[in-house]
Number of protein chains: 2
Amino acid sequence: MVNGSTTVDPALREIVTQAVDDLNYVPNAAARALMTRRTDSVTLVAAEGDDRVFGDPFFAQIVRGASQELTRAGVQLSLSMTQSDLQISSLSRYLAGGHTDGVLLISEHGGHRLAEKLVEAGIPVVIGGRPLDPAVEVPYVDNDNVAGGRLAAEHLRARGCRRVATIAGPADMSAGCDRLEGFRQGLGPDFREDLVEHGLFTMASGEAAATRLFERSPDIDGIFVASDLMALGAISVIRKLGKRVPDDVAIVGFDDIELASMAEPSLTTIRQRTENQGRLMARLLLRQLGHEVDDVESEPAPSTPDGRGIVQHVDLIERESA
Amino acid sequence: MVNGSTTVDPALREIVTQAVDDLNYVPNAAARALMTRRTDSVTLVAAEGDDRVFGDPFFAQIVRGASQELTRAGVQLSLSMTQSDLQISSLSRYLAGGHTDGVLLISEHGGHRLAEKLVEAGIPVVIGGRPLDPAVEVPYVDNDNVAGGRLAAEHLRARGCRRVATIAGPADMSAGCDRLEGFRQGLGPDFREDLVEHGLFTMASGEAAATRLFERSPDIDGIFVASDLMALGAISVIRKLGKRVPDDVAIVGFDDIELASMAEPSLTTIRQRTENQGRLMARLLLRQLGHEVDDVESEPAPSTPDGRGIVQHVDLIERESA
DNA sequence: TTGTAAGCGTTATCAG
DNA sequence: CTGATAACGCTTACAA
């Protein structure tokens, strides 16, 4: 009756209801999970340190989107972040033990094979971002990073920039690789390997990368930066160098975080629909868990590329910085 | 044997070990929890929307501190954030069901009585920040917000400011009230009720509050802002007004987030030991759960004020902005 | 050192 | 529509 059975005598129902809040009874989750083999909760795992997770609006938006969708389905969302290998194996044991019905995995770096471990353990997983290793057969939701890189390159060229550099993301993440690849494509023959630096998507790493770039080549007049946070860092370095943005150096970022529009100068950037990515991930997972969900295909824009992934469109937002 | 029994015949042990990874067996968490009545996991609940939780470095530091301590004790940390009343009651049912061994509660606003509900349900709870309602008998770890407000006020006066305003935190949070109260004490007869505005600890709310302040009283020459994020927002408004910081308007913030030292001008602020706060909260909770923990009293600085709380010292960090 | 049995609080099944 | 009974997978205590 507590679980909402409708075929109960009103009198009995009254008695039970009374008792329930006299004793303030709450069904025991463990016992229930033992029987039903479900916990009605899913875990969002960010393979990243807490500083990055909390520092980058990207994560907040994924959480917001996923959380909306999960709440609607009556599923609790909990977060775990994890960096060291030690934590990863302890976490995967924890999750494999049936603590959670499914996992949303984001910011996966190549190397630690968390996704595979979870899948082996029979836990439904959805990844945010294309897995670098094509052998990983896990559904994922990605953004069209290659197209984004291309758009940025084309924009900078059209603007008349001659020496165009890039601050790419980490080489062990698909977002890092793909944005760089798109940039390479977009620039064509003008692409120069020596004008590539990598950062970790953080503001500090953006500053460091920009510094290295200008030490090596002071006459750079355009940079595609693979995240807005890094772009903000790069801009502060450029200013300290006494150059103006965008007159001396034009900048295109990636993500379209809120700060991008508020910054001065406001940041030209590639917009990706992060919150929607979180929503789609949640739906994909819920579907695996046997919940009723609106078809993910009905969403505007997402197409499917290789087989089991969904890729969202991105577009360029033109603002003051380029 | 799987749980580490030492009194097992080596031969048998070998056989079991073999079988375990042949079948890749993982003990079932639900069944275990059913017996032991423990899940070896605790939940950090932030009574706040995802935008604030992820936007404010405060949360990251609490998580970092707590996570260190819990990992050491072999306890998993998971996060939940919750804003609406609906989510709160669903969350408290979820937690009361035995999904977690204990709860770390932060950013509690007055009103929704999450802490009480959890305590009634018999779940160990530790609160970050003094509960506004003194009837709530829950251990907590707070910072000496009153002293912080006083320090800020005294600093601004000593600096020669004549018309000193404040952007306080939310009136339904103890940190908001206490910092304001300290400021009032520190300013003494110079305190002016009409130079008080409230914000929500976010950058945007800091901008809004500063705007209101200067509309009402353009000759303000000093502001104590109850969070660094709000202070950053206030500074940007002040600049747009064509005034200089600190020459025309001196600013003291609160929190000492990393951005405070990097901003230009760097921010004079009240430093609180947030990461340590997270650590202490975790220890207090672990102790309630019957784990062996270093005495919390052995920590540098923390004293105990009313009875069940720990209050950390704060101090003023002098930088360019005041 | 090993084996056995009881019980944790649910849900599911199946007679009444 | 109601009540009894058998799992679910583990831990614990006790007997062998």
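Below, chain A is the first sequence line, B the second, and so on; all start at residue 1. All of these numbers come straight from a predicted model, not from anything done at the bench.
The main-chain N or O of B:Pro124 is never found under 3.5 Å from a side-chain atom of B:Gln288 such that the two would form a donor-acceptor pair.
A donor atom on one side chain and an acceptor atom on the other are found under 3.5 Å apart for A:Gln68 and A:Glu275. A donor atom on one side chain and an acceptor atom on the other are found under 3.5 Å apart for B:Gln272 and B:Asp255. With hydrogens and angles left out, the side-chain atoms of B:Arg32 and B:Asn3 include a donor and acceptor closer than 3.5 Å. Between the side chains of B:Glu48 and B:His109, at least one donor N or O lies within less than 3.5 Å of an accepting N or O.
Between B:Met1 atom CE and D:dG9 atom P there is a gap of 20 Å when expressed in whole angstrom units. Following rounding to the nearest Å, B:Asp40 (CG) and D:dT11 (P) show an atom-to-atom distance of 11 Å.
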Quick tally for nucleotides 7-16 of chain C: nucleotides whose base has a protein heavy atom under 4.0 Å get B, sugar-phosphate-only ones S, the rest -, giving BBBBBS----

